[in-house]
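Please read the structure below before turning to the comments.
Only a predicted model underlies this, so the values are computations on that prediction, with no experimental measurement involved.
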Amino acid sequence: MSRVAYVNGTYSPHGQAVVHIEDRGFQFADGVYEVWSVFDGRLADFDGHMTRLHRSLNELRIDIPMSVEALTRVLRETVRRNRVKNGIVYLQVTRGTARRDHPFPMPGTPPSVIVTAKSISPARGEAQAQKGVAVLTQPDIRWGRCDIKTVGLLPNILAKQAAREAGAYEAWFVDEMGLVTEGSSTNAWIVDEHGKLRTRDTQANILKGCTRTTLMALIKEHGVELDERPFSVDEAKRAREAFFTAAGAFVTPAVSIDGTKVGDGKPGPITLKLRQLYLDQARRDSV
């Protein structure tokens, strides 16, 4: 069955779905996005993503395009029409279509809303998690508001491509002090050489990941000590375990960093336990 996309009130075959050439998302990357994981046709971490969407829109002064109830119907209908049982649903909201000019368009210009969905094999992700993946570090050259989930992702794309060309799966950004900020599309974590679980706090110009937030609640619930504190690349390479979190990756072990083996070069027990805890919770709470 061919895929279906939602664009500004219309469901169309994926290959025929279009936006105007002067849509500000296309012209200026003037928009935001969210990605929900789909488990058994239901959306994971639903409220967290919706809350973050509204925050991003408010920070950029983009009008909220529709009510939560209406948007929820669109998301679910897109999942249904694409027959996605397990996968993701992607939402993009831009400032809309207007004659190209840097200032905001006239008040009342309707935002553009685009939704797509696709299936992802759970078995493939699980096999990857059991093996672990490689990470490459890259200088953090992004803008100063990485807390907003904007579609302006060129630095992320360049970092991810560098990782792929080096045979790695993900890139971790490193600031001018040699500290890891986050991944190109993930949040970064380690179990340091002393056995302490660490991830950078979200006040440091990084995205407050929804998977990260859910995992932190689970960590607290299970009495695991967590230190929200930056770690350097050297600390990450000396760590017992490393992993990253995201809507599509869940909790994925990183078994090497810049070619240096992390721990024994295999996914660690804490990482795998946290992955299972997250997956169980996400499946239970999907809506």
Side-chain angles (χ1 to χ4, degrees), residues 1-39 41-84 87-120 145-154 156-157 185 207-211 246-248 286-287:
M1 186 191 82
S2 61
R3 292 172 61 193
V4 175
Y6 173 93
V7 180
N8 296 331
T10 301
Y11 294 95
S12 305
H14 190 273
Q16 299 175 22
V18 296
V19 295
H20 194 280
I21 59 170
E22 289 193 311
D23 186 278
R24 289 179 65 93
F26 172 66
Q27 297 278 14
F28 296 115
D30 188 2
V32 303
Y33 74 102
E34 283 292 336
V35 181
W36 283 261
S37 294
V38 178
F39 292 95
R42 297 176 295 132
L43 281 61
D45 294 324
F46 182 80
D47 291 339
H49 286 286
M50 193 64 75
T51 298
R52 189 173 64 184
L53 170 68
H54 282 77
R55 179 184 181 277
S56 294
L57 291 169
N58 287 329
E59 289 294 311
L60 295 183
R61 295 164 59 190
I62 296 175
D63 292 339
I64 295 172
M66 62 183 79
S67 68
V68 170
E69 293 76 15
L71 183 54
T72 302
R73 287 195 296 271
V74 170
L75 293 169
R76 287 176 172 164
E77 181 64 13
T78 305
V79 169
R80 187 192 71 79
R81 289 188 183 220
N82 286 278
R83 300 183 183 179
V84 174
I88 60 170
V89 58
Y90 173 90
L91 165 71
Q92 180 169 309
V93 181
T94 79
R95 204 178 301 275
T97 297
R99 184 176 179 179
R100 190 183 188 280
D101 196 8
H102 285 69
F104 293 173
M106 291 291 292
T109 300
S112 295
V113 180
I114 299 96
V115 183
T116 58
K118 67 178 181 180
S119 297
I120 298 175
R145 290 301 308 273
C146 296
D147 57 300
I148 303 171
K149 201 168 178 69
T150 172
V151 299
L153 294 174
L154 186 55
N156 308 63
I157 290 167
S185 59
L207 188 69
K208 188 175 183 180
C210 296
T211 304
S286 296
V287 298

Of all heavy-atom pairs linking Pro65 and Leu57, the shortest is CD-CD1, 4.1 Å
Nearest 0.5 Å, what's the NE2-OG1 distance between His14 and Thr116?
-> 5.5 Å
In Å, rounded to the nearest 0.5 Å, how long is the span from OG of Ser56 to CD1 of Ile148?
-> 6.5 Å
In this structure, OG1 of Thr78 is separated from OH of Tyr90 (nearest 0.5 Å) by 13.5 Å
Sidechain N-carboxylate O distance under 4.0 Å for Glu69, Arg73 = no
Arg55 side, atom CZ; Leu60 side, atom CG - distance, nearest 0.5 Å = 9.5 Å
Thr109 side chain vs Met106 backbone, donor-acceptor pair below 3.5 Å | yes
In this structure, CG of Leu91 is separated from CD1 of Ile114 (nearest 0.5 Å) by 8.5 Å
Within 45° of the axis and under 6.0 Å from the centre of the six-membered ring of Phe104, does NZ or CZ of Arg61 qualify?
-> no
Extract all donor-acceptor atom pairs below 3.5 Å that involve side chains of residues 17-31 and protein atoms in other chains or at least two apart in sequence.
residue, atom, partner, partner atom, Å
His20, ND1, Glu22, N, 2.9
Glu22, OE2, Arg100, N, 3.3
Asp23, OD1, Gly25, N, 2.8
Asp23, OD1, Thr94, OG1, 3.0
Asp23, OD2, Thr94, OG1, 3.3
Asp23, OD2, Ser112, OG, 2.5
Arg24, NE, Asp30, OD2, 2.7
Arg24, NH1, Asp101, O, 2.8
Arg24, NH1, Pro103, O, 3.2
Arg24, NH2, Asp30, OD2, 3.1
Arg24, NH2, His102, O, 3.0
Gln27, OE1, Arg100, NE, 3.4
Gln27, NE2, Ile21, O, 2.9
Asp30, OD1, Arg95, NE, 3.2
Asp30, OD1, Arg95, NH2, 3.0
Asp30, OD2, Arg95, NE, 2.7

In chain order, what residues pass the side-chain contact (heavy atoms from CB on, under 4.5 Å) check against Glu34, with sequence neighbours excluded?
-> Trp36, His49, Arg52, Leu53, Lys149
Calculate, to the nearest 0.5 Å, the distance between atoms CZ and CG belonging to Arg76 and Leu43 respectively.
-> 7.0 Å
Are Val84 and Lys118 close enough that some pair of their side-chain heavy atoms sits under 4.5 Å apart?
-> no
For the side-chain contact (heavy atoms from CB on, under 4.5 Å) test, which of Val151, Thr150, Val93 pairs with Tyr33?
-> Val151
On a heavy-atom basis, the closest approach of Val113 and Asn8 is N-OD1, 2.7 Å
